[in-house]
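Here's the structure we're looking at; comments come further down.
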Amino acid sequence: MPDLIHPTAIISRKAKLGKNVKIGQFTTIYDNVVIGDDSEVGGYCELGVANQHSAGEPLVIGGRALIRSHSIFYEASVFGEQLITGHRVTVREKTAAGVNLQIGTLTDIQGSCRIGDYVRMHSNVHVGQLSTIGDYVWIFPYVVLTNDPHPPSEVMRGVTVEDYAVIATMTTVLPGVKVGKNALIGAHSLLGSDAQPGKIYAGKAAEERGDVSAVRLKDGTRRPAYPWIKHFRRGYPVEVIEKWEKMINEGAL
């Protein structure tokens, strides 16, 4: 419907917008952009910015996306359905992400990253080039995933974060480090070596502090806080929760 597009928006005739796509004021959508049905793009955004690395590949945003104001997305990235951003987000070229990625305000995702399904990034997160992030990962405010082992240089070694891992606020992960499945990295940590699956790491430099299952919920129940999928379900669809229940019942965690 025409009234879904603000009159100040600039939209290329070559862009491909699905049904019921809403575009806010002063937003620019360039040629090489595909936006799925029932999506909303806030004001003052730029989608499909080209540079020498994008090679003319399209920016593809799946249906039911919500991109909030002042966000910038470059060409040559692909996002699954239900992408959600905060304000002033920047995503560079050649990033591939699964469904329901949530990117917090002022978060910066550099190029050539791989991101799984249902990843949650809070505000002011920096994801360096060549980072690989699995499914159901939580990354909290002011986390930095680095990639240059001796800056400045042309050597790039991306961080890997495996499924269900949690990286708490103000943590820096150094180049090439792997955060294992279900690992917990404590707040204000500097992680310079691989974090083993299911373990807690904390400190500067971060050291192993035991099993994540030792952490208890501070709700009076004393239930284990990790793996977190045993008690936290908010925002996840029924099919995901059912999958988790099956994993728990089968002891697959």
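Here the side chains of N182 and Y226 are not in contact, with every heavy-atom distance at 4.5 Å or above. Side-chain contact between N147 and Q110 is absent, with no heavy atoms from C-beta onward closer than 4.5 Å. Residues T85 and T107 have side chains not in contact (no heavy-atom distance under 4.5 Å, counting atoms from C-beta outward). Residues D148 and T146 fail the side-chain proximity criterion, which asks for heavy atoms closer than 4.5 Å. Side-chain contact between F73 and V41: absent, with no pair of heavy atoms (C-beta onward) separated by less than 4.5 Å. Residues V21 and L4 form no side-chain contact, since every pair of their non-hydrogen atoms from C-beta on lies 4.5 Å or further apart. Under the 4.5 Å side-chain criterion, counting only non-hydrogen atoms from C-beta, I35 is in contact with L47. Under the 4.5 Å side-chain criterion, counting only non-hydrogen atoms from C-beta, K94 is not in contact with Q129.
Residues V240 and I229 are members of one and the same hydrophobic cluster, defined by side-chain heavy-atom contacts under 4.5 angstrom among Ile, Leu, Val, Met, Phe, Trp and Tyr. Hydrophobic clustering (side-chain heavy atoms under 4.5 Å, transitive across Ile, Leu, Val, Met, Phe, Trp, Tyr) keeps I29 apart from V49. No continuous path of ILVMFWY side-chain contacts below 4.5 Å connects I84 to V91, so the two sit in separate hydrophobic clusters. Note on I72 and F26: separate hydrophobic clusters, where clusters join Ile, Leu, Val, Met, Phe, Trp and Tyr whose side-chain heavy atoms are under 4.5 Å apart, directly or indirectly. Hydrophobic clustering (side-chain heavy atoms under 4.5 Å, transitive across Ile, Leu, Val, Met, Phe, Trp, Tyr) groups V212 together with V166.
Side-chain atoms of S189 do not come within 3.5 Å of backbone N or O of L191 as any donor-acceptor pair. In this structure, T105 contributes its side chain and R88 its backbone to no donor-acceptor pair below 3.5 Å. E57 places no side-chain N or O within 3.5 Å of a backbone atom of A76 that could act as its donor or acceptor partner. At distances below 3.5 Å, at least one donor-acceptor pair connects side-chain atoms of S39 with backbone N or O atoms of R64. No donor-acceptor pair under 3.5 Å is formed between the side chain of H87 and the backbone N or O of H70. A distance-only check finds no donor-acceptor pair linking the side chain of T160 to the backbone of K178 [under 3.5 Å].
Taking CD1 of I67 as the reference point, atom OG1 of T27 lies at 9.5 Å (rounded to 0.5 Å). Rounding to the nearest 0.5 angstrom, the gap separating the CD1 atom in I167 from the OG1 atom in T172 is 10.5 Å. From K204, atom NZ reaches atom CE of M170 across 9.0 Å, with rounding to the nearest 0.5 Å. The line from OH of Y74 to CZ of R92 is 4.5 Å long, rounded to the nearest 0.5 Å. In this structure, K14 NZ and N32 CG are separated by 9.0 Å, a value rounded to the nearest 0.5 Å. Here the CZ-NE2 distance, from R120 to H122, works out to 9.0 Å after rounding to the nearest 0.5 Å.
A pairwise comparison of heavy atoms in S153 and M156 identifies O-CE, 3.7 Å as the closest pair. L59 and E75 make their closest contact through CB-CA, 4.1 Å (heavy atoms, listed as atom of the first residue, atom of the second, distance). Across all their heavy atoms, C113 and I109 have their closest contact at SG-CG2, 4.1 Å. Nearest heavy atoms, K19 versus D37: N-OD1, 2.7 Å. For the residue pair I185 and A195, the shortest heavy atom distance occurs at CD1-CB, 3.8 Å. The minimum heavy-atom distance linking S193 with V177 is given by the pair O-CG1, 3.4 Å.
The only option from L101, V127, N100, D163 that meets the side-chain contact (heavy atoms from CB on, under 4.5 Å) definition with V119 turns out to be L101.
When the shell of 6.0 Å around NZ of K199 is examined, it contains more than 12 heavy atoms from other residues, nucleotides or ligands.
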Practice problem: Dump the intermediate steps for side-chain contact (heavy atoms from CB on, under 4.5 Å) on L83 and I103, then the final yes or no. | Solution: CA-CA 8 Å; L83 168 69; I103 311 172; 4.0 Å; yes

Quiz prompt | Verdict with reasoning, V144 to H126, per side-chain contact (heavy atoms from CB on, under 4.5 Å) | solution = CA-CA 5 Å; V144 178; H126 175 84; 4.0 Å; yes

Self-check item: Worked check of side-chain contact (heavy atoms from CB on, under 4.5 Å) between H231 and D219
Solution: CA-CA 12 Å; H231 63 86; D219 62 355; over 6 Å; no

Practice problem: Any chance you could lay out the side-chain contact (heavy atoms from CB on, under 4.5 Å) test for Y164 and W244, step after step, and finish with the verdict? | Solution: CA-CA 11 Å; Y164 303 102; W244 290 349; 3.3 Å; yes

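In the model, D108 has no side-chain atom that pairs as donor or acceptor with a side-chain atom of T90 under 3.5 Å. D194 and Q196 share no donor-acceptor pair across their side chains, judged by distance under 3.5 Å alone. Remark: the S213 side chain and the D211 side chain contain no N/O donor-acceptor pair separated by less than 3.5 Å.
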For residues 132-141, which side-chain donor-acceptor pairs fall under 3.5 Å, sequence neighbours excluded?
from : atom 1 : to   : atom 2 : distance (Å)
D135 : OD1    : D117 : N      : 2.8
Y136 : OH     : K243 : NZ     : 3.1
W138 : NE1    : Y236 : OH     : 3.2

